[in-house]
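Below: the structure, in structure tokens.
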Amino acid sequence: MVVLAVGLTAFGSGCGDGGDSGAEADGTEPLGIGNEVTVPIAAAVVTTVDPGAEPRSMLRPSYYNGTIQAVTLRTDHHIQQQIDSQQLRDFSSPSLTIPMTATADSGGVELTLGSVTTPDPALSEALTAADGTHAGFEMSELGGITALRLAPAPDTSNSARAALEQAFYQAVYRSVTFPDEPVGEGAVWRVQQTVGGGVDLDQVTTATLVDRDGGRLSIRLDVTQTPKSNIWDLPNEAGTLDIEDYAMQGSGDITVDLGLPLPVAGSISIGGHQIYRDPRTSTVLRQVIETNVSWGG
């Protein structure tokens, strides 16, 4: 069974899921090396479950073009894998701390990365050439991310670029879209979105407006992911695996300032297990995964 779990790669030529499933064997290179790459994000469908208490109002980003925000994104992605009774192996990605300057424009937000740090020595060295890398989110009027862009600095290596792509893709699918009707404290809304990949996932995020102080919102997020199919199509036409079990869920809290383009604080963790079987050989692949995304100043 030619499957090695190496985390998420949004732009890889043999990428895994956009969610938290395993990916193809290592050695995959990012797509569009040396160029800006744009990946569309599936539209989110928002349903209000409870409009909350009065007074109610529309939740809308209210920043002006040119608004600047300094923010730091931190990501951790842990994955352990076992094939049949073989030894458990760890394919976790090194954690990243990404300081950046976000500048709002009419279509979303442009990001200029500072010095990215990681505890992994080899990746840390590779990331030194990534200073000044640009990224961007295209956003809807409801605050949802509709596309992700990445333009690495010219000397950025493949390993550094892939790590940055993975981190931003994780952040995209831990974001929140606002409801299209007035809500108040205690409001609950559901955001449903397809996370594409070898295994298309139905991701449902339930958001609860815990507190509102002017334009500052405290939001609780609960996330579940369910495969849309019971088959995983392996990258590069390498065959298929039957999905025998798939349980991924998580939660967290974020703080949003409607006058700024990105969350100002908070963290979201999602994890679980996945079991796949090769229909030709009955070989079983088991994975245990946990991903954390956090925002801070």
Side-chain angles (χ1 to χ4, degrees), residues 4-12 15-24 26-33 36-37 39 41 69-80 90-102 109-137 145 148-175 195 197 223 250 252 254 261-271 289-297:
L4 294 179
V6 295
L8 307 175
T9 302
F11 304 83
C15 64
D17 297 345
D20 294 284
S21 175
E24 188 200 5
D26 48 357
T28 298
E29 294 185 350
L31 185 64
I33 296 172
E36 177 176 298
V37 178
V39 173
I41 304 301
Q69 177 186 6
V71 65
T72 298
L73 169 66
R74 297 178 178 87
T75 62
D76 290 279
H77 184 62
H78 302 282
I79 180 165
Q80 292 184 314
D90 192 316
F91 291 99
S92 300
S93 302
S95 61
L96 292 186
T97 299
I98 309 173
M100 57 185 129
T101 301
V109 57
E110 295 295 324
L111 308 170
T112 301
L113 277 58
S115 297
V116 182
T117 57
T118 177
D120 182 86
L123 182 58
S124 180
E125 182 177 356
L127 285 166
T128 59
D131 287 7
T133 289
H134 289 266
F137 298 139
I145 298 173
L148 166 63
R149 299 190 306 275
L150 186 69
D155 295 331
T156 304
S157 68
N158 291 350
S159 61
R161 178 181 179 127
L164 292 172
E165 291 171 355
Q166 175 181 349
F168 279 107
Y169 210 55
Q170 290 169 358
V172 164
Y173 283 102
R174 304 297 180 264
S175 62
V195 181
V223 183
I254 61 169
L262 296 177
V264 297
S267 65
I268 307 162
S269 295
I270 183 170
I289 297 174
E290 182 178 1
T291 298
N292 179 268
V293 173
S294 63
W295 296 94

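It should be emphasised that the depicted structure is a prediction, and the values quoted were computed from it without experimental measurement.
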Distance-minimising heavy-atom pair for S93 and Q166: OG-NE2, 3.1 Å
With D120 via side-chain contact (heavy atoms from CB on, under 4.5 Å) - residues at least two apart: P94, T118, A122, L123
By side chain to side chain donor-acceptor pair (under 3.5 Å) - contacts of D131 (at least two apart): S115
Min side-chain heavy-atom separation I41-F137 under 4.5 Å: no
Shortest non-hydrogen contact between A153 and A129, atoms and distance: CB-O, 3.5 Å
Side chain to side chain contact (heavy atoms under 4.5 Å, CB included) assessment of V223 paired with Y173: CA-CA 10 Å; V223 183; Y173 283 102; over 6 Å; no
Those residues that, when tested against H134, pass side chain to side chain donor-acceptor pair (under 3.5 Å) (two or more places apart): T112
Gap between atom CG of D76 and atom OG of S92 - 0.5 Å precision: 9.5 Å
Results of side-chain contact (heavy atoms from CB on, under 4.5 Å) for T101 - residues two or more places apart only: I68, T103
Side chain to side chain, I98 and L113, heavy atoms closer than 4.5 Å: yes
Partner residues of S269 under the side chain to side chain donor-acceptor pair (under 3.5 Å) criterion, sequence neighbours left out: N292
Student check: side-chain heavy atoms of V37 and R161 closer than 4.5 Å: yes
Set of residues satisfying side-chain contact (heavy atoms from CB on, under 4.5 Å) with respect to V71, sequence neighbours excluded: Q69, M100, L262, W295
Side-chain touch I289/H77, heavy atoms, less than 4.5 angstrom: yes
Set of residues satisfying side-chain contact (heavy atoms from CB on, under 4.5 Å) with respect to T75, sequence neighbours excluded: L73, L96, A167, Q170, V293
Separation of T156 OG1 from L164 CG (nearest 0.5 Å): 7.0 Å
Side chain to side chain donor-acceptor pair (under 3.5 Å) involving T128 - partner list, sequence neighbours excluded: none
Atom pair CZ (R174) and OG1 (T291), whose distance is rounded to the nearest 0.5 Å: 6.0 Å
Interatomic distance, I79 atom CD1 to F91 atom CZ [nearest 0.5 angstrom]: 8.5 Å
Flag side-chain contact, heavy atom, 4.5 Å: L150 against T133: yes
